[in-house]
Amino acid sequence: MSTPEDLNVGIVGAVGRGRSFAEALRANGARIHAVCDIQQEKLDEAARKLGADQQYTDYDCMLEQSDLDAVVIGTPMPLHVPQSIRALEEGLHVLSEVPAGISVEECRELVLACRRSEALYMMAENYIYTRPNIFVRELARAGLFGEVYYAEGEYLHELKELNEITRWRRKWQTGIDGITYPTHSLGPILTWMPGDRVVRVCCEGGGRHYTDPRGELYHQESPVMLCKTARGALIKIRVDMISDRPHCMNCYQLQGVDGVYESSRGGPGDRHKIWLRELSEEPRWFALAEVIAEDGLGGRHMPESWLNPPEEALRAGHGGGDYFEIADFVASVRGEIECPIGIHEAMDMTLPGLISQESIRQDGRWLPVPDSREWTGGLPYSQLQMVWPEERLDTPPEPELPAGYELRQYRPEDRTAYLELVQKAGFEDFDEKRLNNMLRTVLPDGFFVVEQRDSGRVVATAMAVHAPQNIHPHGGELGWVAGDPDHSGRRLGMAVCAAVVRRFIRAGYRRIYLQTDDYRLPAIKTYLRLGFQPFHYREDMEERWRAVCEKLDWERQ
Ligand SMILES: NC(=O)c1ccc[n+]([C@@H]2O[C@H](COP(=O)([O-])OP(=O)(O)OC[C@H]3O[C@@H](n4cnc5c(N)ncnc54)[C@H](O)[C@@H]3O)[C@@H](O)[C@H]2O)c1
């Protein structure tokens, strides 16, 4: 891949966030060659202001027709992964807005796309670049905090009004329980713990207290995620984009054996403060600004970029972060530095938040966070699989439902309720297109839903899908099992799964299988109880199933 001096960049989402990168791109020698946005009426103005030669309303057209070296992706969250993968496939370098993705599954796709592509991927986490955060990073790297074992990160940014302007936020940032927007709080902390990563998380929220203008409740306010790192440190992350309170965008704390840092919470007279054993043997606060200004520590540890920042950096948004992330992106593309927030750093900052969403669904259970570096090994990642034992083909399970619920076939008029249910159950990127694809392979009378009689709500579902694989010739897959968390504990999932197994057996299938993820523990327990057995089809399965059964306290046969 060439690394041209004059980097031709295309910005997608150029009418929104994308436009804020323009000055920094130019200052770092990149050329905004094309802009893209679906808001055609505002595109002329964006192109003029950003000095772009070309404009597009279709992203694919921009990639195919424009002579680009790189794209900057400033579109809503669900577009980050698909647009990044498309660009990487075209060999274009990518700077993607945060977070990297909206589901573990699509993050895995992104990691694999990065492996296949020679182009560079960087995530645009700007808060790691602010002056105080860079200084703390350098002190931590120099060992001045000693061993670091505790940190806190908070993102307290009330944006209920912004939800109504940028409507995608209402679902992706304030519609799903858990930490939906983790990177601004977790990202800087991870740079203060070099070489470490989050290995497990748990999450709970503070309940629902606010409604949007349509009277719909937002997700649980002030979710808090606890993270354990590989080296045993504890990190607390709180993200709140709903609660009414004085603004305090980001605050951080870091504790090591030889020092502590606490950023300002924005209150009257509050300042960033620090104590280091190096400054005084007796613990007492020093103002961070004074320590930075001090010849000794500031001069020795503040990098040149922030000692003598360019004018553009001082003007840039997010405490200068919007400038320095672009500077690093351009320098990475040119091969001058190693990319500081490459795909695995991006995953380290993004995946804990996604797993926290599963944790809160499972009442705050500690769950493992996958390591994206393992998705790059010899074996590509594969889901766990389970099979229905052949000796039980003659004794299919009986679907049993509690009073007030009815098992029936899916009907076309269930479409909206069905999509809502599947998304609420944790398959956030399941959309209409995917449903249409599934409908092509589902067996007749093989698409089950459970309806609550009084409310008419669709509260559980599963389907019998004709899905032969090499390892399952003529195989049928129990697919898309989902249950409404508000109706959990009533074994509705068990009932729909039993119905699917019976349907396959009636149709003459002898191989019935399912695929799932290691962290979907309640679902796996349901499958085990019903009679499905782990299917060890690869060498890593033995160990993965051992870990799953241990967590479920399930005796393995
Ligand atoms: N790093 C930060 O500090 C920071 C700050 C704000 C937003 N963000 C992130 O930036 C992204 C955009 O946020 P925003 O506030 O600018 O949202 P926005 O809705 O104001 O802007 C998104 C833009 O993308 C355009 N768009 C939507 N779909 C498109 C498509 N298919 N093709 C081309 N353009 C399309 C929209 O028309 C809009 O102009 C989000 O992912 C958000 O999380 C990050």
Side-chain angles (χ1 to χ4, degrees), residues 10-22 24 34-47 49-50 52 54-64 66 71-87 94-102 106 110 122-130 133 153 155-176 179-188 239 241 249-250 316-326 328-329 341 346 349-350 353-354 428 431 433:
I11 300 181
V12 61
V15 171
R17 170 77 181 141
R19 73 196 145 164
S20 44
F21 299 114
V35 287
C36 172
D37 203 290
I38 49 172
Q39 297 189 63
Q40 181 152 29
E41 68 287 0
K42 297 186 181 161
L43 201 47
D44 264 346
E45 191 192 340
K49 281 194 177 150
L50 303 185
Q54 300 176 349
Q55 45 177 283
Y56 297 88
T57 50
D58 184 290
Y59 180 65
D60 286 341
C61 287
M62 176 171 85
L63 297 193
E64 282 155 22
S66 191
V71 288
V72 173
I73 297 175
T75 46
M77 284 164 57
L79 295 174
H80 296 175
V81 165
Q83 291 184 336
S84 295
I85 291 180
R86 272 288 290 122
V94 170
L95 179 69
S96 163
E97 255 308 341
V98 300
I102 45 113
E106 70 159 20
L110 176 62
M122 177 166 158
M123 187 179 76
E125 179 37 62
N126 39 0
Y127 279 95
I128 72 166
Y129 290 100
T130 65
N133 287 351
Y155 181 73
L156 307 174
H157 184 190
E158 189 279 312
L159 40 69
K160 293 194 284 297
E161 232 173 80
L162 190 60
N163 269 250
E164 300 306 310
I165 302 164
T166 54
R167 295 299 294 271
W168 60 269
R169 278 196 165 79
R170 181 62 190 87
K171 173 169 181 187
W172 297 105
Q173 294 192 340
T174 60
I176 300 168
I179 303 288
T180 53
Y181 197 58
T183 68
H184 293 334
S185 35
L186 181 58
V239 173
M241 295 181 268
M249 189 78 119
N250 273 295
H318 302 97
D322 288 356
Y323 175 87
F324 287 115
E325 70 182 5
I326 291 285
D328 270 7
F329 175 62
I341 321 172
M349 295 174 192
T350 299
L354 294 172
E428 274 91 23
D431 56 11
K433 199 165 142 200

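Note that the numbering runs from 1 along the sequence shown for the chain. All ligand and atom numbering here is 1-based and tracks the order in the structure.
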>> Using side-chain heavy atoms (C-beta onward) and a distance below 4.5 Å, is T75 in contact with Q83?
In response: yes
>> Can you tell me if Q40 has over 12 outside heavy atoms packed within less than 6.0 Å of its CD?
In response: no
>> With a heavy-atom distance limit of 4.0 Å, tell me whether N126 approaches ligand 1 through its side chain, its backbone, both, or neither.
In response: side chain
>> Checking a contact table here: which protein heavy atom is nearest atom 33 (C) of ligand 1, and how many Å away?
In response: V12 CG2, 3.5 Å
>> Please state which option from R17, Q83, R19 has its nearest heavy atom closest to atom 6 (C) of ligand 1.
In response: R17
>> With heavy-atom distances below 4.0 Å as the criterion, list the atoms of ligand 1 near G13.
In response: 23 (C), 24 (O), 25 (C), 34 (N)
> With a cut-off of 4.0 Å, which atoms of ligand 1 are near a heavy atom of Q39?
Replying inline: 36 (C), 37 (O), 38 (C), 39 (O)
>> As an exercise, identify every atom of ligand 1 less than 4.0 angstrom from a heavy atom of T166.
In response: 17 (O), 18 (P), 19 (O), 20 (O)
>> Below a 4.0 angstrom heavy-atom separation, can you tell me which part of E97, side chain or backbone, both or neither, approaches ligand 1?
In response: side chain
>> In this structure, does ligand 1 have an atom that sits under 4.0 Å from one of the heavy atoms of R167?
In response: no
>> Please report the interatomic distance OG(S84) to CE(M123), rounded to the nearest 0.5 Å.
In response: 11.0 Å
>> As an exercise, identify every atom of ligand 1 less than 4.0 angstrom from a heavy atom of H318.
In response: 3 (O)
>> What I want to know is whether T57 and ligand 1 share at least one N or O pair that is separated by under 3.5 angstrom.
In response: no
> Closest heavy-atom contact between A124 and V98?
Replying inline: O-CG1, 3.6 Å
> Where's the contact between H80 and ligand 1, heavy-atom distance under 4.0 Å: side chain, backbone, both or neither?
Replying inline: side chain
>> Show the atoms of ligand 1 that are less than 4.0 angstrom away from any heavy atom in Y181.
In response: 4 (C), 8 (N), 43 (O), 44 (C)
> Which ligand 1 atoms, with their elements, are less than 4.0 angstrom from a heavy-atom of Q173?
Replying inline: 43 (O)
> Do Q55 side-chain atoms and T57 backbone N/O form a donor-acceptor pair below 3.5 Å?
Replying inline: no
> Can you tell me which residue and heavy atom of the protein come closest to atom 21 (O) of ligand 1, and the distance to 0.1 Å?
Replying inline: G16 CA, 3.5 Å
> Taking only residues two or more places apart in sequence, or in another chain, which ones meet Y155 in a ring pair (Phe, Tyr, Trp, His ring centres under 6.0 Å)?
Replying inline: H157, Y181, H184
> Who's the nearest protein heavy-atom neighbour of atom 12 (C) of ligand 1, and how far?
Replying inline: G74 O, 3.2 Å
>> If the threshold is 4.0 Å, N to carboxylate O, is there a salt bridge linking R169 and E161?
In response: no
>> With respect to V98, determine whether any N or O atom, backbone or side chain, lies less than 3.5 Å from an N or O atom of ligand 1.
In response: yes
> For atom 37 (O) of ligand 1, what's the nearest protein heavy atom and its distance?
Replying inline: D37 OD1, 2.5 Å
> Rounded to the nearest 0.5 Å, how far does CG of N126 lie from CG of D328?
Replying inline: 12.0 Å
> Ignoring hydrogens and geometry, is there a side-chain-to-backbone donor-acceptor pair from D37 to L43 under 3.5 Å?
Replying inline: no
> With distance as the sole criterion, is a donor-acceptor pair present between the side chains of S20 and D322 under 3.5 Å?
Replying inline: no
> Who passes side chain to side chain donor-acceptor pair (under 3.5 Å) against E45, sequence neighbours left out?
Replying inline: K49
>> Are there over 12 heavy-atom neighbours, none belonging to E41, within less than 6.0 Å of that residue's CD?
In response: yes
> Looking only at heavy atoms, what is the nearest atom pair of H80 and A100, with distance?
Replying inline: CB-O, 3.5 Å
>> Could you work out, for atom 11 (C) of ligand 1, the closest of L162, I38, I102, T75 by heavy-atom distance?
In response: T75
> What atoms of ligand 1 come closer than 4.0 angstrom to any heavy atom of H184?
Replying inline: 1 (N), 2 (C), 3 (O)
> Backbone or side chain, does any N or O of W168 fall under 3.5 Å from an N or O of ligand 1?
Replying inline: yes
> Can you list the atoms of ligand 1 that are under 4.0 Å from a heavy atom of L79?
Replying inline: 28 (N), 29 (C), 30 (C), 31 (N)
